[in-house]
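Inspection log for the structure reproduced underneath, given as structure tokens.
Hydrogens, waters and symmetry mates play no part in the numbers below; they use all other heavy atoms, side chains included. Throughout, protein chains are lettered first and strands after them, A, B, ... in sequence-line order, and every chain is numbered starting at 1.
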Protein chains: 2
Amino acid sequence: MNIGDVAHRAGLPAKTIRYYEDIGLVKPLRSQNGYRRFRDSDLHKLSFLGRARSLGFSIEDCRTLMALYEDHSRASADVKRIARQNLAKIEEKIAELQAMHDTLSHLVKKCHGDDRPDCPILTDLAKAHG
Amino acid sequence: MNIGDVAHRAGLPAKTIRYYEDIGLVKPLRSQNGYRRFRDSDLHKLSFLGRARSLGFSIEDCRTLMALYEDHSRASADVKRIARQNLAKIEEKIAELQAMHDTLSHLVKKCHGDDRPDCPILTDLAKAHG
DNA sequence: CTTGACCTTCCAGTTAATGGAATCCTTATC
DNA sequence: GATAAGGATTCCATTAACTGGAAGGTCAAG
């Protein structure tokens with residue numbers, strides 16, 4: 001699979017994918033003509049990367065996760081520990097999003113929706129994240 | 001409240017807060033001595049900003065939300081629409097995190113946890129995000 | 001009245017991309 | 001076979017969002 005193809009499928013710009021190769025997050029093969037050739041596993045990694053980055057995971061977090069893909073000689077206990085740590089992070093993020101969601105949906109309910117100013121969203125939004 | 005105080009409470013570095021003032025996300029007052037003076041509303045905004053940024057919302061997203069705080073003359077219908085759009089984004093993010101969580105927790109279960117290599121995490125992780 | 005913690009501005013550097021130029025490869029059409 | 005379009009390559013510059021550090025002002029405690 002060429003870069004345009006994998007970019008389309010993973011939902012990432014080709015530029016970003018080249019950058020990820022630069023910093024060692026993916027290591028596509030090369031065809032005779034010099035084109036990058038991406039395997040399915042590369043596509044999976046890139047999709048995962050795109051998702052993780054858009055959810056606020058750092059490149060270093062991603063690097064750790066990518067290492068799980070790559071280092072098949074890593075001890076299972078280690079893999080498990082890393083996976084667990086990331087589960088905790090995910091749960092925390094979900095909780096935070098849930099809090100944001102609760103606040104906003106509560107406010108949408110209270111907001112009149114007409115063209116009057118002075119929507120209660122403003123004051124409540126201010127209180128909500130103290 | 002001075003910058004160190006608000007930084008501590010909002011969980012953001014003072015540097016970042018100064019940067020957010022630079023780009024107009026917060027507008028703290030100034031004391032006689034030139035120190036920034038943050039109101040409670042500034043603290044709320046900054047906490048919200050920190051959270052939103054760590055969850056992958058862009059600065060522009062944040063700017064829109066901050067505008068809700070600020071522009072009290074904005075029509076309620078408009079406020080409501082913006083809040084709704086962000087609710088949708090939040091829900092999408094939660095779903096994506098849930099997917100990541102399911103994958104990882106499933107794999108933790110399957111991973112032996114001893115020191116043997118060849119943990120099934122690796123292959124499953126590869127399949128999971130196709 | 002000085003020491004230390006905290007504040008200021010300014011300028012430089014980093015991270016994570018992104019944009020653009022110049023060039024090469026592949027495929028379809030004349 | 002020439003040519004033009006579409007996608008690939010590298011390399012260099014720029015942007016966005018911070019981050020670090022220097023040089024100096026402010027303030028409460030001893």
Side-chain angles (χ1 to χ4, degrees), chain A residues 1-40 42-43 45-67 69 86 89 93 96, chain B residues 1-40 42-43 45-67 86 89 93 96 100:
Chain A
M1 185 178 351
N2 283 347
I3 200 167
D5 198 358
V6 83
H8 177 75
R9 297 202 212 178
L12 285 174
K15 278 257 159 171
T16 302
I17 295 174
R18 291 197 192 96
Y19 173 70
Y20 286 165
E21 186 189 14
D22 272 6
I23 63 173
L25 284 178
V26 282
K27 305 194 202 313
L29 307 171
R30 292 286 176 147
S31 305
Q32 240 95 11
N33 60 14
Y35 285 18
R36 289 168 184 82
R37 209 180 71 233
F38 295 86
R39 289 148 294 188
D40 277 4
D42 294 316
L43 171 58
K45 282 193 195 181
L46 288 167
S47 304
F48 187 91
L49 274 169
R51 176 167 288 186
R53 291 293 293 129
S54 83
L55 291 165
F57 286 91
S58 72
I59 290 284
E60 281 319 299
D61 289 336
C62 293
R63 202 181 289 284
T64 306
L65 267 328
M66 290 306 105
Y69 279 85
N86 281 277
K89 276 195 195 178
K93 278 175 189 290
E96 290 187 49
Chain B
M1 198 181 334
N2 283 347
I3 199 167
D5 199 359
V6 82
H8 177 76
R9 298 203 209 178
L12 285 173
K15 279 258 159 169
T16 302
I17 295 174
R18 291 196 193 97
Y19 174 70
Y20 286 166
E21 186 189 14
D22 273 5
I23 63 172
L25 283 178
V26 282
K27 306 195 200 314
L29 306 172
R30 292 287 175 145
S31 304
Q32 239 96 11
N33 59 14
Y35 286 17
R36 288 168 184 81
R37 210 180 71 234
F38 295 86
R39 290 148 293 188
D40 276 4
D42 293 316
L43 170 58
K45 281 193 194 181
L46 288 167
S47 305
F48 188 90
L49 274 169
R51 175 166 288 186
R53 291 292 293 128
S54 84
L55 292 165
F57 286 90
S58 72
I59 291 282
E60 280 319 301
D61 289 335
C62 294
R63 203 182 289 281
T64 306
L65 266 330
M66 290 305 104
N86 282 278
K89 276 195 195 178
K93 278 175 188 292
E96 289 186 50
M100 283 179 69

Quick one: do E96(B) and K93(B) make a salt bridge, cutoff under 4.0 Å?
no
So, does R53(B) use its side chain to make a donor-acceptor pair with the main chain of F57(B) at under 3.5 Å?
yes
Integer-rounded Å distance: dC6(C) C1' and D5(B) CG:
12 Å
Side chain to side chain, R36(A) and L29(A), heavy atoms closer than 4.5 Å
no
Can you name the residues that form a side chain to side chain donor-acceptor pair (under 3.5 Å) with R37(B), not counting sequence neighbours?
none
Output one letter per nucleotide in nucleotides 15-22 of chain D: B when a protein non-hydrogen atom lies under 4.0 Å from the base, S when only the sugar-phosphate is that close, - when neither is.
--BBSBB-
Once you round it to whole Å, what is the distance between P of dC7(C) and CZ of R18(B)?
7 Å
When the distance from NE2 of H8(A) to C1' of dG6(D) is rounded to whole Å, what number comes out?
16 Å
What integer distance in Å separates F38(B):CZ from dC6(C):P?
16 Å
Only distances under 3.5 Å count here; give the side-chain donor-acceptor pairs of residues 3-11 of chain B to other protein atoms, sequence neighbours excluded, each with its distance to 0.1 Å.
residue: D5(B); atom: OD1; partner: R9(B); partner atom: NE; Å: 3.2
residue: D5(B); atom: OD2; partner: R9(B); partner atom: NH2; Å: 3.3

Between N2(B) and F38(B), is there a side-chain heavy-atom distance shorter than 4.5 Å?
no
Could you tell me whether a side-chain N or O of S31(B) sits under 3.5 Å from a main-chain N or O of N33(B), the two making a donor and an acceptor?
no
Tell me the interatomic distance from M1(B), atom CE, to dC6(C), atom P, rounded to whole angstroms.
16 Å
Is K27(A) salt-bridged to E21(A), going by a charged N under 4.0 Å from an acidic O?
no
Non-neighbouring partners of Q32(A) that pass side chain to side chain donor-acceptor pair (under 3.5 Å), sequence neighbours left out:
none
Could you tell me whether the side chain of S47(B) and the main chain of L43(B) form a donor-acceptor pair under 3.5 Å?
yes
Within the sub-3.5 Å range, which N or O atoms of nucleotides 22-26 of chain C have a protein N or O partner, and how far apart are they?
residue: dT26(C); atom: OP1; partner: N33(A); partner atom: ND2; Å: 2.9

Nearest-Å distance, CG (N2(B)) to P (dA28(D))?
10 Å
Helical bend (five base pairs per end, nearest 10°) for the helix from dC1(C)-dG30(D) to dC30(C)-dG1(D)
0°
Euclidean distance, atom CD1 of residue I17(A) to atom P of dT9(D) [Å, nearest integer]
10 Å
What I want to find out is whether D61(A) reaches K89(A) closely enough, with some N-O distance under 4.0 Å, to be called a salt bridge.
yes
May I ask you to verify if any side-chain N or O of R36(B) is less than 4.0 angstrom from the OP1 or OP2 atom of dC7(C)?
no
Is there a side-chain contact between R37(A) and the phosphate of dT9(D), meaning an N or O under 4.0 Å from OP1 or OP2?
no
